[in-house]
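These notes are about the structure you will find just below.
So that the names make sense, note that chain A is the first sequence line, chain B the second, and so on, each numbered from 1.
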Protein chains: 2
Amino acid sequence: MPDVDGRRRDLAAMIAPLQRALVAAEQPVLRAHGLSMWGYVVLDALEGQPVRTQAALAEFVGADKSRIIGVLDELENDGLLERPRDPADRRARLVTITGEGRRRHRAVQAEVQRGEERLLGLLPPADREALLRSLAVLADELPKLD
Amino acid sequence: MPDVDGRRRDLAAMIAPLQRALVAAEQPVLRAHGLSMWGYVVLDALEGQPVRTQAALAEFVGADKSRIIGVLDELENDGLLERPRDPADRRARLVTITGEGRRRHRAVQAEVQRGEERLLGLLPPADREALLRSLAVLADELPKLD
DNA sequence: GCATATTGTAAGCACATGCTTATCAATGAA
DNA sequence: TTCATTGATAAGCATGTGCTTACAATATGC
C-alpha cells in the first residue's frame, strides 16, 4: 500500500544507502580474493552470457570501453580470462572466462551472498522473495526502456 | 523462490544498473527545477527528521562533511534553507528547510516519482508493494547493523 | 584561567569516472 | 585498389569523490 499520506520515498533515496552498504561489505571480500570491484563485475557478466566483444561487454557492465581495458589486462594476467583474437573477425577479441576465473568468481559470489543474507534475513520470507524477483525483473527490463 | 540451480544474482549486481537508470532519469528533472543531485538529497533529508548539525546531516545523506558546505551555500542562496547559529551552542548551525524549499522539494519529488512509475508499472501490484516495503525496511535498518 | 575538544570552513591530494581524440589493424563496400 | 568503418588501445581533460590537514570560533572540563 502507498504511505498513508499518499507519498512515498523515492526509489533512489532508498536504494542509494543500500548500494553503499552492499559495496562496503563486498570490499573486504574482494580484497581477500585479490579482485577489484570491476574485475568481479566483469567475471560476473562473463558467467552469464557466453562471449562478447569488449565494447559490448563494457556497455553491459556499465563501464566505459576505454576504461575497461586495464581491468581485462589484470584479469588476463591472473589467468581468470582469455581474450584471443576472433578468427572470424580478427579485429575483435573473444573474451572468455577460464576455469580458474569461474572458480574464483563463484567463491567470491558465495561469500558476498552470505553477507547479503544478513540483510535479507530482516525481511519476511515472502517479501524477501518478492524483492529478489522484482529486482531481477527491473534489472532485466531496464535496457528495453526508451 | 531461489533460482533453480540454487544460486541467485548478487543484490548489488541488480541494484547497480537500476540505480544508474534512476539517477539518469532524475537528472533532467533536477536541472529543470534548478537543483543539484546533492541539493535534492539534502532537502529530502531535511523534510524527514527536523533539524540536525551539519556534520550529522552530511553523514546522514552519505556525503563528506567538508563537501556538503557548497551544497548548503547554494541552497541557502536560493532561499531553500536557512542555517542560523544554534543559540544553545553557537558553534553549530540549525539547518532548516524553508517553505519555499519544501515547495521545491515536493514539486521535484512528485515529478521524479511519476518517472519511477514507468518502472514500477512493470511489476505485479503485490510485488510492487512488497518491493517498496522491503526497500524501506532495509534502508531503515541499515544504520543499525554493525 | 587554561588546556582540550568540537563545529564549521577552506584547501589540497590521490584517485575514479565520463567523455573526447588519436592511432593502428582489420574489415567490408564501392 | 581505394576508402570509410569498426574494434581495441592509449592518452588527455574536466569533474567528482574520499580523505587529510589546518584554522578560527566556541564549549567544556580541570
Side-chain angles (χ1 to χ4, degrees), chain A residues 12 16-17 19-28 30-31 35-42 45-46 49-77 81-96, chain B residues 12 16-17 19-28 30-31 35-42 45-46 49-77 81-96:
Chain A
Q19 173 83 332
R20 271 198 303 273
L22 290 172
V23 168
E26 273 189 27
Q27 216 63 63
L30 291 170
R31 202 164 296 274
L35 272 185
S36 70
M37 179 72 64
W38 283 118
Y40 178 58
V41 170
V42 164
L46 289 178
Q49 329 287 319
V51 294
R52 256 182 300 271
T53 160
Q54 288 188 191
L57 173 64
E59 196 204 336
F60 184 76
V61 301
D64 195 88
K65 92 185 154 97
S66 66
R67 206 155 293 264
I68 209 180
I69 298 178
V71 180
L72 295 179
D73 287 346
E74 264 197 40
L75 291 174
E76 192 179 23
N77 245 319
L81 62 77
E82 291 166 341
R83 44 174 176 174
R85 296 278 172 188
D86 180 351
D89 181 347
R90 295 185 39 74
R91 291 172 302 181
R93 285 160 171 257
L94 296 172
V95 186
T96 335
Chain B
Q19 172 84 333
R20 270 198 303 272
L22 290 171
V23 168
E26 274 190 26
Q27 216 65 63
L30 292 170
R31 203 164 296 273
L35 272 186
S36 70
M37 179 72 65
W38 281 118
Y40 179 58
V41 170
V42 164
L46 288 179
Q49 328 286 317
V51 293
R52 255 182 300 272
T53 160
Q54 289 187 192
L57 173 63
E59 196 205 337
F60 184 76
V61 301
D64 195 88
K65 94 183 151 101
S66 66
R67 205 156 293 264
I68 209 180
I69 297 178
V71 180
L72 295 179
D73 287 346
E74 264 197 40
L75 291 174
E76 193 179 22
N77 247 318
L81 61 78
E82 290 167 340
R83 43 175 177 172
R85 296 277 171 188
D86 181 352
D89 180 346
R90 296 185 37 75
R91 291 172 303 180
R93 286 159 171 257
L94 297 171
V95 187
T96 336

Can you name the closest pair of heavy atoms from [X] and [Y] and give their distance?
X: B/R93; Y: B/R83; value: NH1-O, 3.4 Å
X: A/L22; Y: B/A12; value: CD1-N, 3.9 Å
X: B/G62; Y: B/W38; value: O-CH2, 3.9 Å

What nucleotide among [options] has an atom nearest to a side-chain atom of [X]?
X: A/I69; options: C/dT27, D/dT9, D/dA27; value: D/dT9
X: B/R91; options: D/dA27, C/dT9, D/dT17; value: D/dA27
X: A/D64; options: C/dG18, C/dA10, D/dT9; value: C/dG18
X: B/T53; options: C/dT7, D/dG7, C/dA10; value: C/dT7
X: B/A92; options: C/dG8, D/dA8, C/dT17; value: C/dG8

Q: Between A/A88 and B/R20, just flag the one whose closest nucleotide in DNA chain C comes earlier from the 5' side.
A: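 The residue closer to the strand's 5' end, by nearest nucleotide, is B/R20.
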Respond yes when some side-chain nitrogen or oxygen of [X] is under 4.0 Å from OP1 or OP2 of [N], and no when none is.
X: B/R67; N: C/dA11; result: no
X: A/W38; N: C/dT17; result: yes
X: B/R93; N: C/dT9; result: yes

Q: Identify whether the distance between the nearest side-chain nitrogen and carboxylate oxygen of B/K65 and B/E59 falls below 4.0 Å.
A: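 No.
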Between [N] atom [atom2] and [X] atom [atom1], what is the distance in whole Å?
X: B/Q27; N: C/dG18; atom1: CD; atom2: P; answer: 13 Å
X: A/K65; N: D/dT9; atom1: NZ; atom2: C1'; answer: 8 Å
X: A/D86; N: C/dA25; atom1: CG; atom2: P; answer: 19 Å
X: B/R85; N: C/dG8; atom1: CZ; atom2: P; answer: 8 Å
X: B/R90; N: C/dT9; atom1: CZ; atom2: P; answer: 13 Å
X: B/E76; N: C/dT9; atom1: CD; atom2: C1'; answer: 13 Å
X: B/L81; N: C/dG8; atom1: CG; atom2: P; answer: 13 Å
X: A/E59; N: D/dA8; atom1: CD; atom2: P; answer: 13 Å

**Q.** Donor-acceptor under 3.5 Å (A/T96 side chain, A/L94 main chain)
**A.**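 Checking the backbone N and O of A/L94 against the side chain of A/T96, a donor-acceptor pair under 3.5 Å is found.
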